[in-house]
Structures are given as C-alpha cells and as structure tokens.
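In the text below, chain A, chain B and the rest are named by the order of the sequence lines, each starting its count at 1. We use all heavy atoms of the structure for the numbers below, so side chains are in, but hydrogens, waters and symmetry mates are not.
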Protein chains: 4
Amino acid sequence: MEKGRGRPRSERAREAILKTAYELLMEDGVGRLTIEAVAGRAGVGKPTIYRNWSNARELAMAALLARPVLEQSLIETASPIDDLRRQVCQVISVFSSLRGRQVTQMMAASEPDSELSKAFRNRIILKSREEGRDILIRSQSQGLVRRDIDMDVVLDLIYGPIFYRLLVGHAKIDTQFGRDIVAAVFEGMATEPAR
Amino acid sequence: MEKGRGRPRSERAREAILKTAYELLMEDGVGRLTIEAVAGRAGVGKPTIYRNWSNARELAMAALLARPVLEQSLIETASPIDDLRRQVCQVISVFSSLRGRQVTQMMAASEPDSELSKAFRNRIILKSREEGRDILIRSQSQGLVRRDIDMDVVLDLIYGPIFYRLLVGHAKIDTQFGRDIVAAVFEGMATEPAR
Amino acid sequence: MEKGRGRPRSERAREAILKTAYELLMEDGVGRLTIEAVAGRAGVGKPTIYRNWSNARELAMAALLARPVLEQSLIETASPIDDLRRQVCQVISVFSSLRGRQVTQMMAASEPDSELSKAFRNRIILKSREEGRDILIRSQSQGLVRRDIDMDVVLDLIYGPIFYRLLVGHAKIDTQFGRDIVAAVFEGMATEPAR
Amino acid sequence: MEKGRGRPRSERAREAILKTAYELLMEDGVGRLTIEAVAGRAGVGKPTIYRNWSNARELAMAALLARPVLEQSLIETASPIDDLRRQVCQVISVFSSLRGRQVTQMMAASEPDSELSKAFRNRIILKSREEGRDILIRSQSQGLVRRDIDMDVVLDLIYGPIFYRLLVGHAKIDTQFGRDIVAAVFEGMATEPAR
DNA sequence: ATCTAAGCGAGACGGTACGTCACGTCTTGGG
DNA sequence: CCCAAGACGTGACGTACCGTCTCGCTTAGAT
C-alpha cells in the first residue's frame, strides 16, 4: 500500500542538483560544497537534496560518480606492455587534472564503510587498477610477465605512485612519469636478477 | 617597529594548545577539531589560537608536526637491503595507526602552498622517502642497486603503495606488505632482465 | 517572489524573545542586554533574533514597545485642570520607576531615524504629550487656558521637566513635583500678567 | 615613603588621550569610543589609559569635561529678563550642536553616583541652571519675578524643555524656542492670574 | 652617582559577545 | 506525497574589545 503513492520524485530536480554540485566542486573544491549553495543555485529546496543524499560529502561523491570518468576504453593491441603503458598514461591524464585533487581529497575524507564510498572507490579509484590486472594477466599468458609475482603488490607498485604524487604533490605527474613507472616495475632495480 | 616589543607570546599557552589539539585529533578526527573545543579544553582564549594559527587545519598540522613522528632512527647494518626492508616496515607501522589516516586526510585537505603545509609534507610524509634515498645510494655504492635507475621514480614505487593503500583502503597494510614491496621493486616483474 | 512562501515566522519564538528581553532589561539594564543571553534563556537560536531585529538596541526598544506602557486611560472630568494634574502625576508614576531610566537611556542611545525609534518615541515618550494636548484644547474651549499660547512650547514646559529630572537626576520626581509643574505653567512667574 | 617615588605620570600622555577621545567622540559617538581606538590613535598604551580612568564612559566624560563648555560668560545688563533670554539662547546654541547629543547620551548612560558623573552633571548640564537661578534672584530683587515661586520648579520649567527636545528630538531647538520658553514661563497660560 | 620604584608604549593574555554561515529539520502553500 | 521556499534550533566561525598582565625602556627622587 506504500508503493506508488503521492507525487513521484522529480528526475529534473535530481539532475539539477548533481549538475550544480559538480560545478561547485570544480569551482570551489570539496570543502566549499555546501548544501545551501547547491539548493540556491539549482533552484531546489534543501529537503529535496537531503531526501536523496544524507550530507554534502555523499552528494559530492554522487556528483563525481555521475560523470563517467573516462569511457574511452582501451584498445587492446598485440603488445600488452604497450597497452599497460598507454593505460597508465591515460590514468595519469585523467587524474592530473583539477578533478584529480578533488577526488583525492574526497577519498581521504570519506567514511570508509558507506555504500557510496565503496562505489566511489571501486568505480573511480580502483577501476584503473582492475584494468591493469587484466593487462598483466594477458602479459603473463604471453610469457612477458613472470607467473610468481604477487599481483596485488605489483598493481599497487604501478598505481600507488600516481596517487602518492597526487596526494603529496612533491613531483609532477605527466606521461613520462607513467612510462618510467612501467619501465621500473618491469626491470626492477637489482644489479642482477635475484631469482 | 616590530622587534621584541610588547609582551612575548606565552610558551605555556602554545604548548597547551598543541597538546589539546593533538588529543582532540586522536579522539575525534580532523573533521571534528574545532577551535572552540581546543580553546575551551586548553583553558585558552580563542584569539590566542588565531594569533598563532590561521585556522583549524593549520593548527592540526602544527599539532602533528610538534610530535616527533618516530625518532627511533634506523640502525645502519652491513646489508642496505635489510636496512631498506626494515625502514619500509617501520614506516608502515607508523602510518598504519589511527594517526596514519589523520595524516593522510590532513595532507589531502591542506592548501598545497602554505608554509606549514610544506613543512608538514617534508617532515612527516617525505621524511621516509629521503631516508630511503640514502639507503639506495648506499646500496648503489655497494653494487647492489643499478646506477642507471631513476631514483625519484623508484622511491615513489617503494613508498607510493603504502599511502595508496592508506588512502584507498583496498587492502591491508602490514609488514608482509612492506617486505613484498621491497622484493618486487628489486626483482621487477619481467620474465628476464630487459637490459 | 516574496509573498507568503516558505515557513512562516514563529509567533511563539517572537513572543518568547520579547518576553525574555523585557525580563533581562528589567534585571540588568540596557547595557547588559545581550543577544546571546536572550537566545539562551528564551530557548531560541541567535539567527532567529537577528532575523527579526538587527541588533540589541532594536530588540530592547521592541521589547519595551510590546508592553503597553499604561493602558489605564484617563477619566475625563468636568475640570480639565484637574485632569491635567492627574495625567502629569500618572506620567510621573510610570516613568519614575526602574523602567523610566531604561526608557530614557534607550531614547538617548537610539538612532534617531530608524523606524522603530520613531515608533518608540511616539508611543512611549510622546504619548503623554499628546494626551496633554487634548486636555489643553479642552481647557481652551472652556476658557481656562488662553487661546494665544504656543501649544508646543507649553507642552514641552509641562513634560520637559519630568524627563529633565529623569535624565539628570538632580531632584526627586514625585507627584508633588507634578502638581508644582502644572501650577507654575498656569500661573507664570511674572509679578503681573505681561499681556 | 610612598609619595613622589617613581616616574611621574606623563602629562603629555594624559593630554593626548583626552584630545583623541574627544575627537573620536565627535566622529563616531559615545557608543563607538573604545579604549583600543584611543590608545592606538593617541600612541599610548592601554594601561596608561586605565591608570587614569576606569572605563570608556569615564574617559568620555573626562574628555568632555576637559573642554570648557562655553567660557564666554554672560554680560549682566540692567534687564534681567533680557539676560535670561540671552542666557537660554546661549545654552541652546551650545547644546544644539553635535556635542549636545553626545552629552545627552552620556548623561543618560552614566552611573549616577560616580564622582566623575556628578562633576559632569554639575559642570556641564546644571551649570546653566545655576546661572539661571542667579538671574532669577536678581529679577526677584528688582520686582520682576514673584517671590513666592518654587525656584527649583521654575528652573526646570526653563531648562527642562531644552533637554527634552534634545533627548526626544520631536521638534527643533533654535533661539526662537529659547525666547518662547522664557515668554511662556513668565506669562503662564491661565486666562487670568490664578493668585 | 647609583639605585629603584613607578610610568611608559607595545602587545599578548583569558574572556565575552558579536554578527554570520551552514547545518539538518520542520512547516507552509501549491501541484 | 513531493515540490520550492524559507524559518527553526544548533553550533562553530573569525573578529572586536574588554580589562589585566608582562616585556624592555625611561625617568627622577631617594639613597
């Protein structure tokens, strides 16, 4: 008896809210995203926002989630190593923008256990990591990568440095950095193979 | 006209503020650190806090900076590789605590260009990275690490994954992870040396 | 766009604020009336007060205005001179209370051109003066008061001395003073009529 | 043994403080006169001010007291009635200035029992009233004013209306008003002498 | 000719209150 | 039952002044 009663929620309002939230996020950063500002600029009542998201951080994550990060999926070539290099560079180009810092801040500030947080983590941050896993598995099957590696560690070795620099800001993040990471992870630094 | 005139700032107040801020930080997290709470608990007026730090984030950074992260400096042994492994594990044990998340959040949220931010970055986050650099240079001089590596990239390969997991929380951070990182960075993942 | 939209202002809050402000005014005087104290004691948020009045002085005036000064209206007898005497004594008894000094201070300190100030002036201070004017007109029509007097000057002669003593405090204000004023204004001080 | 020891108080500082206080009083009114502003503008330390006056109101009164109200003493002519008229007009011209409102506010706000308050009251406000008393006594001795009047009431009838208008602001204060007051007080308003 | 007590400008101290902002909730009239 | 508007109680913000308290430095009478 409580299914379709009353006026349905307005899709128009929902979209206006997400759009405005995204704009404010890009203009002023996460810390300045206030529900009042979104409501005012989107021409929407505050309760309408709270009906959909429980606070400003959730709304911010939702706003970022609503925008496809990068739909341009990777072309798979005959060389998985080339594929990895290109994928890493693509990740860098996505996150080295203004949006990268916002995403990093948001990730740092979010409640780690909320449903939206998990979605955010998996779809925005860890997506690239899983793409990398696919490429590495392919590489292993072509004999380019050893089978005894600890895959999770290697993946963190590849993508960790990007977010490290994003977080700390101690060095620039460009495509050369991407190529250098891939090279270093492949080669190792030992004078001779430790195996 | 601005030399030592007027009553000097109270060292007692400064210390009480930093101490209280640190306590509140550990109890409630960065987001809950309010100037009013610090003032109230430290028995200090709000203006005294604002005279020394311009907002709650700055105070938080200062409070963390005031505590030596870990002064237990590393014993240098005959094996730089062992030294590196132990150092990485030590970094992990320092940052995998409650304080680690606070530090990460703070780093993410800080104005990147403020003086305090830079000090925080260099003394709290990048200190370990520079220790690592020393160890690697020693390793090179003993012929254990190749001389043609891109040192900055390799350092990010070692320490990036730790902060990556700290930030994203997708896998656990323990000493085994530390040993795995060092191993992987040494060995590389290529089936045979690319050189 | 500014008609009856949104939640209407709470009459309950408005009344609680005015009541509390009046109480504090009587307890501590105008100088001690703080918005925080009113908010706290009335169980009301500070913004609610500021939404209705722009500062403590305005609130204080509003609080005094909200209380009918003295509704006990004057009984009109056959003798306007008696009426005037009784009215002046009534004014004295109203203003020689604690509240009289508050009102005087408030009048002195108020912005002379604000809307509330004008209402305060007309309804609290000058009301008695206008009552006096009615009585004097009646007196003139009965031939008890000359028709060539400057009414505004005479009214100030009657009521001015009361507020003068209230303001300066150089002599006591009692009903005898009221009778003396009326007598003196009637008789004049000249040895013989100047006309 | 505790008489003249130590550095004597600086007369220069005292004067600078009073001068600055007076200026600020004229610029911004009593409510805006802050100790900090005086100290800052006079180039004086706050304790130096507090050593001489216990709060801003006292300082304000002192600043007004330090300036002679009007030293141009009245010329005594053969006609005391003329003298009174001129004296009342002089009082009006002194108090109808900006300074008049400040003085009124200050009088209203002052602690009635403090020593400085009394001096202020007697020297600034009641001085004119006493001058009036002298003139009236002279008038009586010349047979121009009846001897059975209640002198204090009559004096309040003359000077009260001026401060009444100053306080309430309901009508303008000019020399015509002064002449009208004197005329009305002399003549009375009764159709025929009540005696 | 020192010594020393008090005043000096400066400015930080613990406070109180300010007036504002945003929170998350509640209450209108209207669709 | 949702919508926009906007008021509600709450709590923290950063600022202005309060009146007091050091600082290091005169300044001048008492030693």
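- The A56(A) side chain lies nearest to dC23(E) when the options are dC13(E), dC23(E), dG19(F).
- In terms of position along DNA chain F, the nucleotide closest to G43(C) lies nearer the 5' end than the nucleotide closest to the other residue of the pair G43(C) and S54(B).
- Listed by residue number, the members of residues 24-35 of chain B with any heavy atom below 4.0 angstrom from DNA chain E form an empty set.
- In this structure, R51(B) places its CZ atom 13 Å from C1' of dG14(F), rounding to the nearest Å.
- Here the P atom of nucleotide dC23(E) and the CG atom of N55(A) are 10 Å apart, to the nearest Å.
- Once rounded to the nearest 0.5 Å, the distance linking CZ of R99(C) with CE of M106(C) reads 10.0 Å.
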Are any protein N/O atoms closer than 3.5 Å to N/O atoms in nucleotides 21-24 of chain F? If there are, list each pair with its distance.
residue, atom, partner, partner atom, Å
dC21(F), O2, R7(B), NH1, 2.8

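- Here CD1 of I17(C) is found 13.0 Å from NZ of K46(C). Values are rounded to the nearest 0.5 Å.
- The two residues P112(D) and K118(D) make their nearest non-hydrogen contact at O-CG, 4.3 Å.
- The interatomic distance linking L59(B) (CG) with dA12(F) (P) rounds to 15 Å, in whole Å.
- Going from atom CG of N55(A) over to atom CD1 of I49(A) covers 11.5 Å, rounded to the nearest 0.5 Å.
- No side-chain heavy atom of M107(D) sits under 4.5 Å from any side-chain heavy atom of I124(D).
- Between Y50(D) atom OH and dG9(E) atom P there is a gap of 15 Å when expressed in whole angstrom units.
- Distance CD (E36(B)) to P (dA17(E)): 13 Å, rounded to an integer number of Å.
- Taking NZ of K19(B) as the reference point, atom CG of L24(B) lies at 10.5 Å (rounded to 0.5 Å).
- Contact annotation for R9(B): backbone-only contact, meaning every heavy-atom pair under 4.0 Å involves sugar-phosphate atoms and none involves a base.
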message: With side chain to side chain contact (heavy atoms under 4.5 Å, CB included) as the criterion, how do E58(B) and E111(B) come out once you've worked through the C-alpha distance, each side chain's angles and the decisive distance to 0.1 Å?
response: CA-CA 9 Å; E58(B) 294 240 318; E111(B) 290 293 331; over 6 Å; no
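- You'll find the side chain of E23(B) stays beyond 4.5 Å of the side chain of V38(B), heavy atoms only.
- The interatomic distance linking R14(A) (CZ) with dA4(F) (C1') rounds to 19 Å, in whole Å.
- Within the 4.0 angstrom heavy-atom criterion, only backbone atoms of the sugar-phosphate kind lie near R12(C); the bases stay farther away.
- One atom, CG of N52(D), and another, P of dG19(F), lie 15 Å apart when rounded to the nearest Å.
- Taking atom CD of residue E11(B) and atom P of nucleotide dC13(E), one finds them 10 Å apart after rounding to whole Å.
- Shown here for R121(D) and G169(C), the closest heavy-atom pair between the two residues is NH1-O, 4.1 Å.
- Phosphate contact (OP1/OP2 of dA7(F), side-chain N/O of T48(C), threshold under 4.0 Å): absent.
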